[in-house]
Every structure is written in structure tokens, then in C-alpha cells.
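Here is the naming used below: chain letters follow the sequence lines, and residue numbers restart at 1 for every chain.
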Number of protein chains: 2
Amino acid sequence: MTATTGVGRGAGPVRQASLREHNLGLVLRQVANALAPISRAAVAAATGLTRATVSSLVEELIAGRLLLETEPSPRSGAGRPAVGLALAPDGVAGLGLEVNVDYLAACVVDLTGAVRHSAVLPGDRRGRPPGETLRALADLAADAVATSTAPIAGATLAVPGLVRPDGLVRTAPNLGWRGVDVRADLCIRGLDLAPAGLAVDNEANLAALGELHAGAASSFLYVSGEVGIGAGIVLDGRLFRGARGFSGEIGHVAVRPDGPPCRCGAHGCLEQYAGQEAILRAAGLVPGRPGEAAGRLAVAAERGNPAVLAALAEAGRALGVVLAGVVNVIDVPTVVLGGLYVPLATWLSPAVRSEVDTRVLTADWESVEVVPARLGVRAAAVGAAGSVVRAVRDDPARWLARG
Amino acid sequence: MTATTGVGRGAGPVRQASLREHNLGLVLRQVANALAPISRAAVAAATGLTRATVSSLVEELIAGRLLLETEPSPRSGAGRPAVGLALAPDGVAGLGLEVNVDYLAACVVDLTGAVRHSAVLPGDRRGRPPGETLRALADLAADAVATSTAPIAGATLAVPGLVRPDGLVRTAPNLGWRGVDVRADLCIRGLDLAPAGLAVDNEANLAALGELHAGAASSFLYVSGEVGIGAGIVLDGRLFRGARGFSGEIGHVAVRPDGPPCRCGAHGCLEQYAGQEAILRAAGLVPGRPGEAAGRLAVAAERGNPAVLAALAEAGRALGVVLAGVVNVIDVPTVVLGGLYVPLATWLSPAVRSEVDTRVLTADWESVEVVPARLGVRAAAVGAAGSVVRAVRDDPARWLARG
DNA sequence: GGCGATTTGTTAAGCGGTTGAATTATTTGC
DNA sequence: GCAAATAATTCAACCGCTTAACAAATCGCC
């Protein structure tokens with residue numbers, strides 16, 4: 001009986017040092033989440049730590065250039081005025097990279113969450129050798145690094161495909177990649193990736209983090225519609241990766257078990273109803289370059305083209321059926337439509353909402369919101385960069401202890 | 001920018017006391033997960049704590065009657081013989097309760113995971129007033145408590161319906177319950193529920209924990225087929241409850257969006273293909289008492305009744321389509337078929353497996369297993385009781401510090 | 001049988017980190 | 001100008017882990 005492998009839960013032992021690491025993060029996040037500069041005393045009150053401890057922790061964070069003291073805020077009541085604390089804009093930054101079907105992107109996000117640099121290099125990357133694409137990306141990345149006044153804590157790369165937890169790209173069908181070890185193949189001038197290393201993740205996952213970063217709710221399902229359809233699941237401010245790291249593959253959830261065949265080998269997958277090519281086909285438009293399909297569809301829909309409107313309604317319905325299923329299973333309060341679906345949200349959302357409302361069991365008392373994404377194409381790159389600074393925020397001690 | 005509410009992550013501050021609480025749990029779980037009695041030195045080596053610290057922690061756990069010293073194990077090599085440590089069978093126990101359509105159940109599980117007492121009271125509970133049912137359950141529970149030599153740390157109740165995180169039963173359609181506040185209405189003779197309180201949870205969730213307890217993998221999807229169909233999701237040894245606590249409602253995931261109408265108001269829900277009544281209908285059998293349908297189906301299938309075999313194959317296919325979708329979304333390596341599906345697994349599994357294998361995107365390199373549940377009807381009650389002792393195991397300090 | 005090697009478990013000193021109280025600093029209000 | 005109020009720092013005390021030394025119990029080898 002009872003044979004869970006390993007110890008489960010909070011794994012390791014806890015020494016006093018871990019205690020400080022935890023509290024360091026607690027204080028840093030408290031400052032980060034405050035809307036305005038906040039005093040040590042307020043941090044102490046909010047965290048439950050004593051002011052003495054908070055002072056000591058803050059001192060360390062300031063020395064590590066993660067926090068700054070600001071001018072006292074507008075006075076209120078008697079007493080010594082509080083010294084404000086805020087995140088240091090030049091303390092650390094994260095580098096976010098993205099390889100996609102028709103562009104490469106790089107951006108730098110600082111600790112405060114501000115996007116400090118952002119560059120996109122258009123170009124069709126389908127079927128090109130990974131090495132060539134990665135070299136071009138490395139150049140773009142090196143430029144981004146060169147512009148940063150803050151030290152770069154690490155980099156994260158977004159790829160439209162299945163990525164193993166260790167960073168190996170299992171397959172990125174639309175790029176034509178299979179088994180690419182990005183971590184070994186990418187080296188960026190002016191940036192030593194050894195310490196934090198390069199993280200690689202699915203484009204939908206990182207775009208979801210980008211939305212979180214941009215102020216979306218703390219729990220939501222992000223749907224990334226492109227040639228394929230992926231999803232990133234954010235629960236309670238954290239990315240949910242499933243048991244083995246390949247969560248969110250909603251593009252191959254069945255809409256109709258005996259529907260049209262899909263390139264995955266199954267029948268009636270969502271991609272065959274709401275993928276970019278399926279929508280174009282249903283609308284009677286010719287497939288073109290991957291980047292501009294959404295625009296063409298939006299223009300035609302705006303003009304009232306009936307075939308396009310019908311195609312979008314049908315796609316929305318299929319999307320709604322699948323999303324309702326997902327919500328029934330993981331019970332998220334919000335669905336964010338991203339990628340291709342952002343410019344088409346006006347026409348897709350009604351059908352999606354209607355399906356979700358009738359099919360989600362708990363919809364009667366726990367409403368489910370369907371909203372378009374706030375970020376555009378850059379969502380994944382911003383999310384990737386944001387995930388780096390988020391990692392520093394979650395465990396500042398590791399960053400402070402760097403060689 | 002960046003406006004996650006609250007602090008997220010590891011919530012509270014960490015004082016030295018929390019440190020000890022954590023390590024107390026670490027040591028206890030290490031002993032629990034060992035297959036045989038284990039020495040202090042081995043615990044130290046496995047956890048990374050020093051032997052001195054482990055000794056101190058063990059002393060506290062022995063004083064609290066959670067651990068026992070056993071005879072030294074068969075010798076091996078030189079050196080002073082080790083004193084074995086094992087979970088104390090009489091240190092604490094958990095009470096598990098279940099209200100279901102056609103029976104009530106109560107059981108007691110001790111810290112080692114052994115079921116010390118188990119009682120089932122058959123009887124149709126559909127449409128009966130909740131108060132009456134709860135009184136009958138309280139009697140059953142009081143008997144269970146009376147038999148226990150170990151102090152009862154708390155109780156958990158399994159209900160076939162939607163349960164709010166605070167324990168309010170939102171709705172249990174097959175019982176005819178709506179908005180029942182079990183925690184207020186249930187009081188058990190001889191057991192003070194005040195300290196740990198009474199937890200209430202969905203039957204599928206707790207049955208999933210029961211399977212975990214019975215040694216299933218540490219990540220799996222448990223499917224509970226009864227009149228309705230629910231699922232419990234276990235990831236990395238932990239129950240996954242979704243963002244708002246209502247996860248796993250797979251009974252109303254669509255198999256065919258324009259299929260037969262479902263009592264939930266939508267069309268083509270899984271319940272209409274693989275629910276108890278749907279299978280009986282498709283098999284041409286009359287609905288009977290809820291408890292015996294599975295048996296009748298299994299007997300008829302055994303005899304080779306073609307209508308029944310076809311009905312089961314069809315149900316298996318529908319189940320497979322939906323489960324494949326769920327696996328695509330949360331990427332679990334194992335699906336456990338429970339409840340009604342256990343006796344029917346022989347006929348359901350092939351269709352389920354075939355659908356899962358063709359529809360799960362990652363199935364080519366990360367196989368998905370489909371297995372029948374190990375526990376029978378009692379899974380939920382055992383899981384409920386197990387969840388109580390599991391809570392003690394995860395945070396022994398709280399139990400040791402009881403008034 | 002005795003002695004060293006080996007492993008377990010305990011004890012005592014030390015150190016890191018938080019607490020709590022006292023102290024200093026800086027403002028408002030009367 | 002002084003009391004009240006609030007912010008931040010200093011310092012002794014305490015708590016829990018670690019290190020290192022030691023005591024206990026067994027094996028193996030001569």
C-alpha cells in the first residue's frame with residue numbers, strides 16, 4: 001500500500017538559508033505587486049514579517065540592485081515619512097526570443113515589466129535548416145543584448161511546437177523541425193548563457209505568460225490560433241504544464257469524431273475547423289503567406305462577405321465546443337483568444353460564448369469570460385522575456401548569489 | 001503592467017518554526033515512503049538533513065505517536081545496528097465517509113494506509129431529504145469511530161456532485177441535493193470535528209485519491225463512471241482541482257456537438273454515450289436499481305450478447321474520444337477506469353485505447369496507459385479517509401500541536 | 001578473545017536568521 | 001515648542017540547523 005515514488009511535495013530539506021531565500025522573494029514580490037512605491041513598514045505589515053527583518057532583507061535586495069529607494073510618497077497623517085521602495089528598472093532584465101513561421105523576434109523586459117527593446121525580423125522560416133534560422137536569431141538577440149543597460153539574467157525561446165522539459169524541440173511541424181537541441185545550437189554574442197541557461201518553451205505557453213504579464217486575470221486559458229492551434233494554461237499566476245510538460249494541445253481535440261481527416265492521423269480535430277487553413281478554405285479564399293491570412297479574413301468579414309462570415313461562425317462554434325470541454329475539465333474562469341483570433345474576435349466570440357455558456361456545466365453560477373488577447377504578435381516574445389524576470393522575482397537569492 | 005493579485009506563490013512569511021514544520025513532514029514522509037523500516041541515518045542521507053537534526057525530529061514524531069522504533073533489520077556489513085523507524089499504526093487515523101445513490105459508506109484508515117474498518121449501508125438515497133441521509137450516515141460514522149483504537153484526526157465526506165471549496169454541496173443531481181451545507185448538518189457522536197473539521201469533496205476526486213493510495217501511478221486521470229461521469233485528476237501525487245475547484249466534469253464534454261440532448265441542456269455530451277443509462281438503453285436493457293446495472297451488463301457481455309457488446313464498444317469509443325481530448329490538454333500518462341467501468345473494462349478498454357492512441361498527439365513517443373481501477377466501490381470512502389491521514393503526513397506539526 | 005574498522009546515534013558548541021524591545025529619526029498637530 | 005505618531009535601525013535573546021566530537025554496538029581479522 002501507499003507507494004508514491006520519491007518524497008513528493010516540498011522536496012528538499014530546509015536549512016536557515018532557504019528561509020532567507022524564501023523571505024527575500026516574499027519581500028521582492030510584495031514590492032512588485034504594490035501599485036505604488038511601498039514602505040518597509042507596509043511590507044512588514046503585509047507579509048507578517050517584523051520590520052527589523054524586512055529592513056535586513058530590503059538592504060540585501062538594494063545591494064543586489066533589485067530594489068530602489070524612491071522619494072517619500074504624498075504625506076498622510078503624522079509620523080516620520082516613509083521611504084518608498086520600488087523595483088529597480090536597471091537591476092536585471094530578461095531576454096525573450098521567438099522563432100515563428102514567418103518571423104523571428106527578440107525583446108528585452110526589465111524587472112518592472114517594461115519592454116525595453118523589441119525587434120522583429122520578418123521572413124518565411126518554413127523548411128529552412130534550423131542552424132541557419134538560429135544563427136539569424138542569435139544576431140537579433142545579440143543586438144537586443146547590446147542595447148540593454150541592465151544585466152541579462154537569462155533567455156527564453158518560444159517555439160511553435162512540442163518542447164521537452166529539458167529544452168529539446170521534439171517537433172515543430174510548421175517550421176519543419178524535428179529533434180532540434182536549441183540549447184546546444186544557439187549561442188549569443190555578448191551573453192553568457194551558462195549560469196541561468198537558455199529555457200525553451202512552447203509558443204502558446206509563453207504567449208499565455210505574456211498575457212499574464214500584460215495584466216490578464218491570474219487564471220485563464222490562452223488559445224493561440226495560428227496554422228496550428230495551441231493553448232497555454234495559467235492557473236493562479238502560474239503556468240500549468242500537465243504531468244509531462246506537453247499540456248494544451250487543443251488543436252487535436254476532436255470536434256466531430258468522424259469529421260475530416262487531420263494531418264495528425266485522427267479525424268475531426270479542432271484544427272480542421274478553426275485552424276488558419278481550414279477557415280480560409282471554408283471562406284473560399286486561397287491560402288497565402290502565413291502572416292497575412294488573419295488580415296484578409298478580417299477585411300472580408302468587415303465588408304460583410306457571407307462566405308467568410310459563415311466560415312468564422314462555424315470556426316467559432318467548433319472552438320466553443322472544444323473550449324467548453326476544456327473548461328469543464330480544468331474549470332478556468334476566463335478564455336483568452338490569441339494569435340490569429342485577435343483580429344477575428346469580433347466575429348468568433350459570439351459563437352464561442354454561446355457554446356461555452358450552454359456546454360459548461362458550472363456556467364450557471366460561475367460565469368466564463370471569453371476575451372481577446374491584449375498583446376498582439378509579440379505576446380510570446382514578451383512572455384518569454386517576462387518569464388526570465390519572473391524567475392528572478394520568484395527566487396531573487398539565486399540571482400544575487402551568481403558568480 | 002503586471003498586476004497579479006495577492007502575492008501568489010508561497011504565500012506567508014517563514015519563521016524558524018515553519019522550518020521545523022516542513023522538516024518534520026519531510027522526515028515523516030520519508031519513513032512513510034520507505035518500503036521497510038528505515039534508520040535515522042538513512043533518513044538523514046535521503047533528505048539531506050544531518051543525523052543530529054533527524055534524531056531531534058524523530059524524537060518529536062515518536063513522542064507524538066506518529067512513528068515507532070522497530071527491531072533492527074537483518075544485519076548487513078559492519079557497524080552498530082540501526083534502529084528501524086516505521087509509521088505508528090495507532091498514532092492517528094482518518095475517517096472516510098461517502099454518500100452515494102444507493103449506499104452509504106464509512107471507513108477508517110490508519111497512518112500506515114491500512115483500512116482498519118469499513119462499513120457499507122445499502123439503500124436507495126435518491127430524492128430522500130438530506131437531513132435524513134446525513135443522520136443515517138452519522139450513525140454509521142459513529143460506529144466506525146467507536147471501533148478505532150487510534151485518535152481520529154478528521155473526516156472527509158465524498159458526495160456525487162459539485163462541491164464548493166468551502167464544503168457546500170452546490171448540487172448532487174442524482175441524490176436530489178441542492179445547496180446542502182453538510183459541515184453544518186453532520187454531527188457525529190464521539191468525534192469532535194471542530195479542530196480539523198469535516199472536509200467535503202467530489203466523489204470522483206476522492207476515488208482518485210483512493211487509487212493513488214492503493215498504489216496507482218503518481219499522475220493519472222481517474223474516470224468515475226456511474227449514473228453520471230466524473231473524473232479526478234492526480235498530478236504528481238496531488239489532486240488537481242482546477243482554478244475554482246470544479247475540475248473533472250468530463251460527463252458533459254461533447255462527443256458529437258449535435259448529438260442527442262442531455263439533461264444539462266447541451267447536446268451530445270459524453271454522458272449520453274457512456275453513462276450508465278445510455279449504455280443500458282443502447283444495449284436494449286431496462287434501467288434498474290443503480291447498483292446492479294454494471295453486473296447485468298458484464299454478465300450479458302460475457303455471454304456474448306451482440307447488442308450489449310456493440311453498446312459497450314460504442315461507449316468505449318465515445319469515452320476514448322473524450323479521454324484523448326483530456327490527455328491532449330493535461331498530458332497525463334495514465335487513465336484509470338473506475339466505478340461502473342471496472343467490471344466492464346474488458347470490453348471498454350480496447351475501444352478506449354484505440355481512440356486514445358490515434359488521437360493523442362504525443363502518443364507516438366509518450367505512451368498513454370489505460371487501466372482499470374484497483375479499488376472497487378469503496379474507492380471514494382477509502383480515498384476520503386486516506387486524504388485525512390495524508391493531511392497529517394503532509395503537515396504533522398499541525399496535528400502534533402492540537403489542543 | 002581482543003582490537004581496529006565501521007556505522008549508528010547523541011551531545012555540545014557555534015552560527016545564521018528572525019523576533020521583540022528599546023532607540024533614533026522625522027514629521028503632524030496643537 | 002512640545003507631545004503624539006509613524007518609520008527605520010540597533011541589539012540582545014531565542015530557535016533550529018550544522019559541525020565535530022564522542023559514545024555505543026557490531027563485524028572481521030588476527
**Q.** Protein-nucleotide distance (B:R20, atom CZ; C:dG17, atom C1'), rounded to Å
**A.** 16 Å
Q | Integer-rounded Å distance: C:dG9 P and B:I62 CD1 | A | 10 Å
Q. With sequence neighbours excluded, what pairs up with B:T147 under the side chain to side chain contact (heavy atoms under 4.5 Å, CB included) test?
A. B:H117
Q: Rounded off to whole Å, could you give me the CG-to-P distance for the A:L26 and C:dG17 pair?
A: 16 Å
Under 3.5 Å between N/O atoms: give me all the protein pairs with nucleotides 2-4 of chain D, atom names plus distance.
none

Q: Round to the nearest Å and state the distance from B:E21 atom CD to D:dC17 atom C1'.
A: 16 Å
Q.
Holding to side chain to side chain contact (heavy atoms under 4.5 Å, CB included), I want the full list of residues that pass it with B:A46, two or more places apart in sequence or in another chain.
A. B:Q30
Q: Check DNA chain D against residues 50-60 of chain A and give the residues with a non-hydrogen atom under 4.0 Å, in numerical order.
A: A:R51, A:A52, A:S55
Q.
Can you measure A:H22 atom NE2 to C:dG16 atom C1' for me and round it to whole angstrom units?
A. 17 Å
(Q) Ignoring hydrogens and geometry beyond distance, is a side-chain donor-acceptor pair present between B:T53 and B:S56 at under 3.5 Å? (A) no
Q | Side chain of A:R40 - closest among D:dC17, D:dA8, C:dG9 | A | D:dA8
**Q.** Toward the 5' end of DNA chain D, by each residue's nearest nucleotide, A:E69 or A:Q16
**A.** A:E69
Q) Would you say a side-chain N or O of A:N23 is under 4.0 Å from OP1 or OP2 of C:dT18? A) yes
Q | Base C:dT7 paired with B:R80 side chain (donor-acceptor, <3.5 Å) | A | no
Q | Whole angstrom value for the distance that separates P of D:dC15 from CG of A:L19 | A | 15 Å
Q) With sequence neighbours left out, what residues match A:N205 under side chain to side chain contact (heavy atoms under 4.5 Å, CB included)? A) A:D201, A:N202, A:L239, A:R241
Q. Taking only residues two or more places apart in sequence or in another chain, which ones pass salt bridge (Lys or Arg N to Asp or Glu O under 4.0 Å) with B:E60?
A. B:R20
Q. What residues, two or more places apart in sequence or in another chain, satisfy salt bridge (Lys or Arg N to Asp or Glu O under 4.0 Å) together with B:E59?
A. none
Q: Could you pull out all residues at least two apart from A:R51 that satisfy salt bridge (Lys or Arg N to Asp or Glu O under 4.0 Å)?
A: none
**Q.** Exercise: do A:D331 and B:S247 side chains pair donor with acceptor under 3.5 Å
**A.** no
Q: Starting from the 5' end of DNA chain D, give me the residue, B:L49 or A:A42, whose nearest nucleotide shows up first.
A: A:A42
Q) Taking only residues two or more places apart in sequence, or in another chain, which ones meet A:R374 in a salt bridge (Lys or Arg N to Asp or Glu O under 4.0 Å)? A) none
